[in-house]
Amino acid sequence: MSAGTLDLLSGLNEGQRAAVTAPDGPVLVLAGPGSGKTRVLTHRIAYLIRERGIHPSAIMAVTFTNKAAGEMKARVEKILDDKLKGLQVGTFHAICARLLRRESEHTPQRADFLIYDTDDQQSLINQALTELNLDSKKYKPRSLLNTISGAKNELIGPREFVGQGYLGEVTSRVYSRYQELLITNNARDFDDLLMDTAILFRDTAQVREKYQRFYEYLLVDEFQDTNAAQYVLVSLLAAPQNNVFVVGDEDQAIYAFRGADYRNVMQFRKDYPQAKVILLEQNYRSTQIILDAARGVIDQNTHRTPKALFTDRRGGSPITVFEAYSDQEEAEYVVSIVEQQRKRQGMDYRDFAIMYRTNAQSRALEEAFIKEGVPYKLVGGVGFYKRREIRDLLAYLRLVNNVDDSVSFNRIINVPKRGIGKKSVEDFQSWAAKQHFTFSQALEALSNGEVSSLGNSAIKKFIEFNNLLKAWQEIAQSNDLAALLDDIIAQTHYTLHLHETSDTTDEALERDENVREFRGLLKDKVGISLSEFLEEIALVADVDTLADDMNAVTLLTLHAAKGLEYPYVFLTGLEEGILPHMRSFDEPDGMAEERRLFYVGITRAMQRVYLTYAFRRMTYGESSPGVPSRFLRDIPAGLTEGMSARLTKDIDRRSYMEETTWDKPSLPIGSSTSRSLLSPPPTPKAPAPKDNLKYRTNQNVRHAKFGEGVVIESKRSGGDEEVTVSFKSVGIKRLAASFANLQILD
DNA sequence: GGGCCGTCGCTTTTT
DNA sequence: GCGACGGCCC
C-alpha cells in the first residue's frame, strides 16, 4: 500500500474505512448524524482517483445543495492537493439542467430554456385556468400545482395523468395546458428538470448509453430524500456496471412534501441484493446527553431500523427547556443566552444557530437581535430575489434572453407604464394565439406591418417595445450584463418608476439600493452569458447564500439546517401546531416526519441544546395561545433542566391550560427556569372581560364533525364569536360560533 | 387605461 | 397583518 493510501485512510474508523475502500458494485452506507458521512464521501472520491486510477471526469457525485457540492469538491481537491478537471459534483437539479441543455435536440424545449420558480409557476397556472374558463377560487392554484408536482415526481406526464372524479378531470386538463404553456414559453419548472431527464434516459437509448459510458462511478448523498424520479435517474445512469455508492439515514428524511420517499433506501437493498451495506454508528459531533435525548425522540417512530448511536464524549450539559410568555419573550431569551454564553464560555457568535419550523417565526427573533445589536445572518426567508424591483428587472433580463417567456412578458409589458393596458395585452395575446404565433413572432409580425386586430396606437407601442428588446439583445451579445441592466433602467426610466410607486422616500431609497446591489452582482459576472447567469440564480438554494466567513449567529429553518453543525443549537417554537405543524395532523406519516425534523434539529448540536416554547404567539397579526409540543415529553427525564413538571406528566391540553400560571394575574409568573432576560419579564395581561360570550376557556364541547374538544379561547370577532377549540381528533381549530353549533358538555 | 380601495385568504418545509 | 385581486370611478 502506498503512502497515499495511508493518508486517505488514517483517522477513519473501521466502518468508514470499509466504505471508502469498498470494491466496485453497489454500496449502501447507512450513516447516523455526525458519523462522518461527508468524510466518507470525499475520501471515497479521492480513493477512486488516486488508488483506482479513475479519471475525475468519470465520477459524478450528487449532493443536496450547491454549497455542499462546492465544499465536497474543495475537500477532495485538498486531500489530493490537485485541481480536479471534470469531476462532476452538483445537485440533481443543476446536473439535470445542464444535461437537458446539452441534449436539447432530443427534447421539446430549446437549449436556452428558462427555469421557473414557484411564483412563475403560479402565474402560469393562473394563465391556464383563465384560458380554460376555470375559477381560481374554486380550483386553488397552489393545490393544483401540488398535485402536478407530485405527478411529475412519480414520472407521470400530463398524458398519463388520471385524476379521480371531477376534480381529477379538471386537474388533468389544467396539467395538460400548464405543460403546453411551459413548452411554448421555452421554460421548465423544478420538477421538469428531474422528470424530463429521467424520461429522456428511459426512452432514448442513445442518450442513456452515452452517459452510462461517460460516468463510471456515481455517488449520492442524502439518499433518504430522493424521490421516484431521482431514484429512476440514479438506477438508469448507474447501469449496467452499477458502481453506485449511496449514503443516507432514514431517520433524517424530511422532504416527503416534495415527493421524497425514504423507503428508497430499502428499495435499493431490494434492487441491488448484492449491495455492500455499511452501518456508521459512531458519532463524532455531539455529547452523550444530546444523543440520548435525540434517541428518546426518534425511538417513538415505528417502522425504522433501530440504531445505536454512540460517542466517546461522555456526559455533557443538560438540555435546557424554557417556557416563555410570548414569542417576543422567547426571542429575548435566546439573545440573552447567546450573550451570556459568549461571555462566560468564550464562544463566538458563529457558534450559535437558532432553528424554527416556519420562516415566519424568524421575524420576532430578528427584531430581538436587532434591538440588542447582536449580529445575525438569516438563511432564506423573503429573499433578495423575491423583491418587486428585482423581479421586475429580472423579468426584463429573462425576456431579453427569451421573448416567448409569457410570465416575464406579462409582468413588465406595462411596468413602468408605457400605455399598454390590460385590454391591449389581451387583444395581442388572442391575436397571437389565433395566428399560431409565439410572442416573438407576433411582435415581429406587427413590426413588419402585418394586419392585426389591434388598434393603431397599441400597435405602435408594441413595435416600440419590440425595438427596445432587439436593442437589448444586441447588448446582451457582449456578455456585459451590467451594461445591459444600465440600459434597461435608463430606457424604461425605472428609477423614476420606483420613486413614483413607493409609499415613502425611505422605501424608494431602499429599493434603489437593492437595484444597485443587483447591478453589483451582475458586474462581478464577467464573461458569463445572460442565460448562464439566469440558470445560476434559478438553482441557488437558501443555504447556498450562507456566508461562512461572517461571525454572526445563524437563523434558519430546520429544513435548511440539514447537514450542518453548531456548538450551540436553539430549537424554538416547540408548540403543538408549529412543531409538529398543524398541517401534519391529517397527513399520513405526517407526525413521524415532524418528529424526524425535531431529531435533525437536536442532532445538529455539538455541545448544548436549548428547547423553547411560548405560551402566546402572534399569528396572522393576533396573539393566540399555544400548548407545548408533544415532542418535549419524548426526551427522557434526567437529561433536561427547566422542564416544567406539567410536561413530565402526560396531561392533555385542558389541564395544561388549567395548570399553567400564565394569564392568571393573581399568581406570580410561573417560569420554569431562572430568567436572564435582557428586559424585565412582561406583565401578563388579565383576560379581557368576556361579556356576552357563549363559550369559555376550558369548557368541554362537541362538534358534529370534529368530535369532542376543549375551548382554548373565545372572543368577539366582527359580529360573531370566534372560538378556538382543541379537538381530540383534529387538533386546534378556530371556528365561528354561529356556524359551528358547538354543544356544551359540562 | 389607470388608480384607488375594499375583501379575502392565508403560511409549512424547498430545488 | 399583509399581499393579491376585483370592482368601481375618473
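Residue numbers begin at 1 in each chain, while the letters A, B, ... track the order of the sequences.
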Residue among Leu100(A), Ile95(A), Leu236(A), Leu237(A) satisfying side-chain contact (heavy atoms from CB on, under 4.5 Å) with Thr197(A): Leu100(A)
Aromatic ring pairing Phe409(A)/Phe428(A), orientation class (parallel under 30°, perpendicular over 60°, tilted between): parallel
Approximate separation, where rounding is to 0.5 Å, of Phe190(A) CZ and Cys96(A) SG: 13.0 Å
Sugar-phosphate only, base, or nothing, as touched by Phe92(A) at under 4.0 Å among non-hydrogen atoms: nothing
Integer-rounded Å distance: dT11(B) P and Gln122(A) CD: 9 Å
First encountered from the 5' end of DNA chain B, between Asp191(A) and Arg583(A): Arg583(A)
dT13(B) base stacked by Phe257(A) (centroids within less than 5.5 Å, tilt under 30°): yes
Value in whole Å for how far the P atom of dT15(B) lies from CG of Asp120(A): 15 Å
Cation-pi check, Arg258(A) onto Tyr255(A) ring (under 6.0 Å, within 45° of axis): yes
Members of residues 139-155 of chain A that approach DNA chain B, where some heavy atom sits under 4.0 Å away: Lys140(A), Arg142(A)
Between P of dT13(B) and CG of Asp225(A), the distance in whole Å: 16 Å
Integer-rounded Å distance: dT11(B) C1' and Leu579(A) CG: 15 Å
Strand DNA chain C as a dot-bracket string - pairs counted if Watson-Crick or G-U with both distances under 3.5 Å, | where the partner lies in another strand: .|||||||||
Atom pairs, protein N/O to nucleotides 1-7 of chain B N/O, distance under 3.5 Å:
residue: dG1(B); atom: OP1; partner: Ser424(A); partner atom: OG; Å: 2.8
residue: dG1(B); atom: OP2; partner: Lys423(A); partner atom: N; Å: 2.9
residue: dG2(B); atom: OP2; partner: Asn414(A); partner atom: ND2; Å: 2.9

Proximity to the side chain of Thr358(A) - top-ranked nucleotide from dT11(B), dT13(B), dC2(C): dT13(B)
Residue-phosphate contact under 4.0 Å: Asn126(A) side-chain N/O, dA4(C) OP1/OP2: no
Flag, side chain of Asn185(A) to backbone of Ala187(A), donor-acceptor distance under 3.5 Å: no
Whole-Å gap separating P (dC5(C)) and CG (Asp119(A)): 10 Å
Residue pair Gln121(A) / Leu124(A), side-chain heavy-atom distance below 4.5 Å: no
Flag, side chain of His559(A) to backbone of Ile254(A), donor-acceptor distance under 3.5 Å: yes
Over-ring placement of Arg188(A) relative to Phe113(A), 6.0 Å and 45° cut-offs: yes
Atom pair distance, as rounded to whole Å: OH in Tyr255(A) and C1' in dT14(B): 6 Å
Pair Thr171(A)-Thr147(A), side-chain donor/acceptor within less than 3.5 Å: no
Residues Gln429(A) and Asn410(A): side-chain donor-acceptor under 3.5 angstrom: yes
Under 4.0 angstrom between Asn359(A) side-chain N/O and dT11(B) OP1 or OP2: no
Residues Tyr262(A) and Asp225(A): side-chain donor-acceptor under 3.5 angstrom: no
Distance, rounded to the nearest Å, where His559(A) contributes NE2 and dT11(B) contributes P: 16 Å
Atom pair distance, as rounded to whole Å: NE2 in His93(A) and C1' in dT14(B): 9 Å
Single hit among Asp191(A), Asp196(A), Asp189(A) for salt bridge (Lys or Arg N to Asp or Glu O under 4.0 Å) with Lys152(A): Asp189(A)
N or O in side chain of Thr557(A) less than 4.0 angstrom from dT14(B) OP1/OP2: yes
